[in-house]
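Values below: every heavy atom of this structure, side chains too, minus hydrogens, waters and symmetry copies. All chains are named by letter (A, B, ...) in the order of the sequence lines, taking the proteins before the strands, and each is independently numbered beginning at 1.
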Number of protein chains: 2
Amino acid sequence: MLKVYLAGPDVFLPDAVAIGIRKKQLCSAHGFEGLYPFDNEISSKLAGERVDRLIYRANERMIRRADFGIFNLTPFRGVSADPGTVFELGLTVGLGKRVFAYTNTSSNYFDRVKLHKALSFDSERDVWRDADNMAVEDFGNADNLMIDWAIAEHGGCPIVRHETSPSEMYRDLSGFETCLRLAAEAISKSA
Amino acid sequence: MLKVYLAGPDVFLPDAVAIGIRKKQLCSAHGFEGLYPFDNEISSKLAGERVDRLIYRANERMIRRADFGIFNLTPFRGVSADPGTVFELGLTVGLGKRVFAYTNTSSNYFDRVKLHKALSFDSERDVWRDADNMAVEDFGNADNLMIDWAIAEHGGCPIVRHETSPSEMYRDLSGFETCLRLAAEAISKSA
């Protein structure tokens, strides 16, 4: 049975363990074994080493064991995805494994930045800039272009965008289930 | 001569090219060849394909060519590093290459989140939570634990933190130069 690493800011929820169990059940229903980083389990387990370092090592080890990954790229504490999840996406791609992703908003990166920051148009370079004078990507992508294209190039499908209510932002698993279907299809085709 | 990939939100500056040239000069002075993603050069070069996809491919190719990487993890448009840079950090680690990083603030991730978000303490789980009820990491790290520990475990040194003035936030290269020195030392030791 293929193993899938389940990345996302879900681990920061109060009911992270319950969400993880649900995700693992959905994986089983699609014929995969889900690997979910239950960070909390590490907290009290080992002494003599920093907990954060142990979590890092456990997550990296889990990603190395996985056959592919599904990433929850829902914007987290700002305009972009959780940076821990984005790091794990890069790691998975670097290890040569397939990647699928979803986000629980249908909005573009550019539109989210525009909503939160005062932008000005730089007509000389034909780009929008924020208050720090930094160019704002405007390609219609869900997030930074490296993220969108990593998924498209190394998974074969664009990021699944699914609009949900604010209260369900980190709990809605419709996009996750779509990723499982896409993964099952892609893997049966390449088998 | 070892090749070093130069990642960071520097590419979004109006004078990205000048900053890139300066970084490459500093690399040469330390005995390295700097590879800097001059995104802008791609923009008008090729037709028939999306510019953002071409940028992705060029950056990934450049990272694969590099021997190691130096990452500018200065907070960008929020509390964390630029997600494009974080993706590239993960990719570099996944490819088994060494990683060094700097950030132009001495602040902790937790303190930055506390400055911008209303937090409440969850005494049952012994963690701080934001308005979305998501746990806030409080390990004294510069950013998400996956980022700090990727650098420490795969570079051998913690993220270089250098406090600078807000106007120099994306231009100050002191931390970058420290990374070059650390890389030169680490590589001479392992040679």
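- Between the CD1 atom in B:I63 and the CG atom in B:L91 there is a gap of 4.5 Å [rounded to 0.5 Å].
- A ring-centre distance under 6.0 Å is found for A:F12 and A:F76.
- Residues B:T105 and B:T103 bring no donor and acceptor atom of their side chains to less than 3.5 Å of each other.
- Top candidate by heavy-atom pairs under 4.5 Å with chain A, chosen from B:V79, B:T92, B:N141, is B:N141.
- For A:D122, no part lies under 4.5 angstrom from a heavy atom of chain B.
- Only the side chain of B:I147 comes within contact range of chain A, with heavy atoms under 4.5 Å apart.
- Counting heavy-atom pairs under 4.5 Å between each of B:H116, B:H154, B:R64 and chain A puts B:H154 at the top.
- Checked against the 6.0 Å centroid threshold, B:Y102 and B:F71 do not count as a close aromatic pair.
- Both the backbone and the side chain of A:P9 come within less than 4.5 Å of a heavy atom in chain B.
- Per-residue counts of heavy-atom pairs under 4.5 Å with chain B were compared for A:D132, A:D148, A:D130, A:D143; the largest is that of A:D130.
- A perpendicular orientation is assigned to the rings of B:W128 and B:F121, their planes being inclined by more than 60° (bins at 30° and 60°).
- Aromatic ring centres of A:Y109 and A:F139 lie farther apart than the 6.0 Å criterion allows.
- Among the candidates B:R129, B:E124, B:R57, the residue making the largest number of heavy-atom pairs closer than 4.5 Å to chain A is B:R129.
- Of the two parts of A:V113, only the side chain, counted from C-beta on, holds a non-hydrogen atom closer than 4.5 Å to a non-hydrogen atom of chain B.
- Inspection of the B:N72 and B:D10 side chains reveals an N or O donor paired with an N or O acceptor under 3.5 Å.
- Here B:P83 is the residue among B:G78, B:P83, B:A81 with the most heavy-atom pairs under 4.5 Å with chain A.
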